[in-house]
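Working notes, beginning with the structure itself.
Just so you know, residue 1 is the first one in the sequence shown, and it goes up from there.
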Amino acid sequence: QVQLVESGGGLVQPGGSLRLSCVASGSFFSSYTMGWYRQSPGKQRDLVARITSGGRTNYADSVKGRFTISRDNAKNTVYLQMNSLKPEDTAVYYCNLRFEGTLGHGYWGQGTQVTVSS
């Protein structure tokens with residue numbers, strides 16, 4: 001019922017910046033939280049940042065002060081501004097949407113590759 005499409009990934013040098021975007025479409029029957037997760041080879045998918053319908057944000061300790069999550073409800077879009085990128089940030093980044101007050105894992109996008117290398 002919900003489709004998510006990420007964009008904005010690519011290759012960037014350490015210290016550089018990227019802005020990821022995720023547009024959602026489909027059936028929205030309640031307020032929702034959107035977030036970004038990342039996964040590198042051989043590792044689990046971990047939370048990077050999330051934002052609720054009310055604008056509350058949460059960040060992984062490893063990205064606090066460097067990444068900023070935001071949303072544009074009129075465009076059904078969530079963004080992740082990534083600054084001061086490090087090689088350790090290299091991963092596939094996935095967008096997630098979960099309706100607030102419901103059970104389940106939510107919906108996932110296809111992922112976008114971010115590579116930080118000199």
Side-chain angles (χ1 to χ4, degrees):
Q1 293 187 344
V2 175
Q3 296 79 46
L4 305 173
V5 180
E6 303 101 327
S7 62
L11 175 64
V12 65
Q13 296 187 65
S17 298
L18 285 174
R19 190 190 193 198
L20 305 183
S21 299
C22 173
V23 60
S25 61
S27 300
F28 303 93
F29 57 86
S30 70
S31 300
Y32 55 90
T33 292
M34 297 187 72
W36 290 95
Y37 294 70
R38 65 187 181 187
Q39 185 173 27
S40 56
K43 298 182 179 179
Q44 292 190 329
R45 189 175 300 184
D46 295 323
L47 173 70
V48 177
R50 60 187 170 207
I51 183 168
T52 70
S53 61
R56 179 187 176 188
T57 59
N58 294 95
Y59 296 92
D61 288 341
S62 59
V63 307
K64 286 182 179 178
R66 300 189 297 121
F67 291 9
T68 302
I69 189 170
S70 61
R71 63 192 289 167
D72 185 337
N73 291 331
K75 297 181 179 180
N76 296 321
T77 301
V78 65
Y79 305 94
L80 185 67
Q81 179 66 47
M82 305 186 294
N83 299 325
S84 302
L85 283 162
K86 305 175 181 179
E88 305 92 272
D89 296 318
T90 296
V92 177
Y93 284 69
Y94 296 91
C95 180
N96 173 266
L97 184 153
R98 184 176 182 180
F99 291 108
E100 295 165 1
T102 66
L103 299 176
H105 301 292
Y107 301 88
W108 295 94
Q110 83 289 345
T112 184
Q113 177 71 47
V114 172
T115 302
V116 185
S117 177
S118 60

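Atom CG of residue N76 and atom CZ of residue F28 lie 4.5 Å apart, to the nearest 0.5 angstrom.
Side-chain atoms of N96 come within 3.5 Å of backbone atoms of H105 as a donor-acceptor pair (strictly under, hydrogens ignored). A distance-only check finds no donor-acceptor pair linking the side chain of S40 to the backbone of A91 [under 3.5 Å].
Here V5 is tied into one hydrophobic group with V23, each link being a pair of ILVMFWY side chains closer than 4.5 Å.
Counting only residues at least two apart or on different chains, no ring-ring contact (aromatic ring centres under 6.0 Å, His included) pair has a member in residues 50-92. For residues 95-118, no residue pair satisfies the salt bridge (Lys or Arg N to Asp or Glu O under 4.0 Å) rule, not counting sequence neighbours. Residue pairs that meet the salt bridge (Lys or Arg N to Asp or Glu O under 4.0 Å) test with at least one member in residues 63-80, sequence neighbours left out, are D61-K64, R66-D89. Applying the salt bridge (Lys or Arg N to Asp or Glu O under 4.0 Å) definition to pairs two or more places apart or across chains, none involves residues 15-35.
Annotation: side chain of M82 is not in contact with side chain of S17 (no heavy-atom distance under 4.5 Å). Side-chain contact between C22 and W36 is present, with heavy atoms from C-beta onward closer than 4.5 Å. Between T33 and R56 the shortest side-chain heavy-atom distance does not fall below 4.5 Å. Looking at S117 and P87, their side chains never come closer than 4.5 Å, going by heavy atoms from C-beta outward. Contact annotation: the side chain of S62 approaches that of R38 to within less than 4.5 Å [non-hydrogen atoms, C-beta and beyond].
Residues Q81 and N83 bring a donor and an acceptor atom of their side chains to less than 3.5 Å of each other. No donor-acceptor contact under 3.5 angstrom links the side chains of Q44 and Q39, judged on distance only.
In this structure, W108 is not a member of the same hydrophobic cluster as I51, with clusters built from ILVMFWY side-chain heavy atoms closer than 4.5 Å. Cluster membership check: L85 shares its hydrophobic cluster with V48, using side-chain heavy-atom separations under 4.5 Å among Ile, Leu, Val, Met, Phe, Trp and Tyr. No continuous path of ILVMFWY side-chain contacts below 4.5 Å connects V116 to V92, so the two sit in separate hydrophobic clusters. Cluster membership check: I69 shares its hydrophobic cluster with V63, using side-chain heavy-atom separations under 4.5 Å among Ile, Leu, Val, Met, Phe, Trp and Tyr. Cluster annotation: V114 and Y94 are assigned to distinct hydrophobic clusters (Ile/Leu/Val/Met/Phe/Trp/Tyr, side-chain heavy-atom contacts under 4.5 Å, transitive).
Remark: Y93 engages no residue in a ring pair (Phe, Tyr, Trp, His ring centres under 6.0 Å) (not counting sequence neighbours).
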